[in-house]
Amino acid sequence: MAVMRAGGFPFLREGVDWWRSAVVYQIYPRSFADSDGDGIGDLPGITSRVWHLAALGVDAVWLSPFYPSALADGGYDVDDHRDVDPRLGTLADFDDMVAALHGAGLRIIADIVPNHTSDRHPWFREALASGRGAPERERYIFRDGRGPGGAEPPNDWQSGFGGPAWEPVGDGQWYFHYFAKEQPDLNWDDPGVREDFRTTLRFWSDRGVDGFRIDVAHGLVKDLSEPFAPWSEVAEVTRADGTHPLWDREGVHEIYADWRRVFDEYDPPRFAVAEAAVHPTRRARYASPEGLGQAFNFQMQEAGFQPDEFRAVIDAGLADMRVSGSTTTWLLGCHDTLRVATRYGLPRDPDLNSHQVGQRWLLTNGAEPVADLALGERRARAAALVLLALPGATYVYQGDELGLHEVPDLPPESLQDPIATRSRGTAKGRDGCRVPLPWTPDGPSFGFGPGGAQPPQPAWFGRYAVSVEADDPDSTLSMYRRALSLRRSLTSEEEFAWVSDPDESVLHFVRPGGWHCVSNFGGAPVELPHGTVAVSSVRLEDGRLPRDATAWVLVED
Ligand code: BGC
């Protein structure tokens with residue numbers, strides 16, 4: 001047995017370290033459950049479906065933004081960080097939801113969006129109204145335009161959503177927005193901005209929130225001194241040395257050290273996870289105990305269903321744990337990526353990663369190449385069992401527990417993602433993974449709510465309804481329930497060891513307590529270790545594990 005150990009955490013503090021091995025379920029509020037029939041999911045909708053989360057057996061919920069918003073970017077354009085969007089409910093509804101989650105033994109993680117506000121935020125309105133040079137503009141990134149009357153943008157930098165990253169305000173000045181123009185970037189050199197976010201963290205912590213997911217955590221501090229480097233040098237680059245003008249600058253860590261002091265005012269300390277798209281060697285810093293404490297590892301979203309790719313991502317995640325002393329995160333998808341069950345059904349392309357293959361496929365409305373949806377679903381189940389057997393935290397995007405597929409052919413008029421509109425046809429956007437969940441096999445919105453659903457659900461959604469899968473012992477939902485219940489009883493230790501296997505298409509590792517996880521990525525059915533098969537992603541064939549499948553086997557020492 002070739003043994004490799006992950007950084008074992010010497011002791012787990014009761015009630016404090018819950019997040020190290022938590023299974024966290026991501027709720028995208030407007031497409032989870034709708035209580036009032038307006039077609040937009042809401043907080044009372046979530047409260048009414050806490051039973052699903054409890055039956056699933058997750059430990060915590062990460063709630064994507066629910067704040068007042070024009071939904072120019074699905075709620076990541078925040079008008080007020082300390083309130084609830086009236087379409088989603090009230091603060092009292094929020095309190096009820098927290099009470100229901102806590103009552104069911106689940107923790108709640110709120111999404112904090114500190115890189116930008118919406119253009120409807122009172123600060124931005126004041127900045128526009130007060131004019132050139134006014135202190136109110138200091139909270140954002142305003143610069144004079146170039147050329148006569150400032151008619152040209154300050155530089156050629158582009159938005160991550162497509163099109164220029166600068167928007168003119170009509171008086172010769174322009175403001176910077178890395179995302180949509182409705183999302184002006186904040187200036188984190190401004191002490192008022194810093195103070196306000198401390199207030200926001202305390203506001204939600206005081207209301208019982210257990211932790212925070214920090215949006216664009218690597219982007220808050222920027223170097224916009226002149227001369228500007230051309231965009232061709234800046235675009236899409238993550239650097240190992242902290243010299244990128246927009247990403248991962250040293251100064252962000254001062255902000256998180258400051259936030260750590262706020263988190264530690266609470267008992268237990270509040271948890272945080274960074275969404276930081278940085279060079280892999282720099283991820284650990286965000287996950288340090290003096291900083292946010294955990295950082296997302298997105299590499300599984302780019303890996304194809306291949307044993308070598310899985311193994312490399314697992315090794316990299318475990319290496320992160322050794323460096324940071326934190327736990328890494330495992331995830332197959334989120335609200336920003338093509339659904340995993342569909343992604344794994346697409347043919348490989350040696351020149352593209354799995355995520356890029358999905359993005360290209362979306363541009364054809366899912367017509368080309370032909371996706372093998374049954375294969376994708378089967379592989380997604382196998383992959384889920386791998387992730388759930390690893391040390392660290394696993395994040396599950398709503399609907400993935402049902403094996404739900406991407407909706408690639410939404411009517412063009414129903415697309416809401418700014419990526420679709422700003423990219424001028426070069427990207428399809430993220431709406432296809434944000435279609436409201438099916439809860440029942442029929443009804444106007446498959447049980448999502450008493451009214452319709454936006455974006456509209458396709459007819460095939462009913463097959464994946466929660467109530468249908470709950471009654472089927474072979475469904476993806478039933479597999480998740482079994483696996484999560486077992487995971488709870490198995491181990492809280494973080495030891496991990498690879499078991500070498502002569503067959504290269506097999507991945508096999510073992511966790512404390514004789515918990516073996518074996519995956520067959522291709523070829524003939526394989527023998528499993530002698531023991532009890534506790535859960536498997538498909539039925540075994542004559543006791544052997546067929547291809548594109550994973551089994552957990554409990555082996556007595
Ligand atoms: C979120 C996206 C959002 C962007 C801007 C991200 O990383 O996950 O959904 O569009 O931040 O806030």
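Positions are given from 1 along the sequence. One-based numbering, in listed order, for ligands and for the atoms of each. The figures here come from the full heavy-atom set of this structure, side chains too, leaving out hydrogens, waters and symmetry mates.
No side-chain N or O of Q183 forms a donor-acceptor pair with one of Y178 less than 3.5 Å apart. A donor-acceptor contact closer than 3.5 angstrom is absent between the side chains of Q294 and R213. Under the 3.5 Å distance criterion, with hydrogens and angles disregarded, a donor-acceptor pair is assigned to the side chains of N115 and D185.
R422 forms no cation-pi arrangement with F161, by the criterion of a distance under 6.0 Å to the ring centre and an angle within 45° of the ring axis.
By the ring-ring contact (aromatic ring centres under 6.0 Å, His included) test, F124 is found to be paired with Y140, Y175, residues two or more places apart in sequence or in another chain being considered.
With respect to R260 and D264, a salt bridge is recorded, a charged nitrogen being found less than 4.0 Å from a carboxylate O.
Protein residues lining ligand 1, listed by chain and number: D73, Y76, H116, F161, F179, Q183, R213, D215, V216, E275, H335, D336, R430, R434 [non-hydrogen atoms, distance under 4.0 Å].
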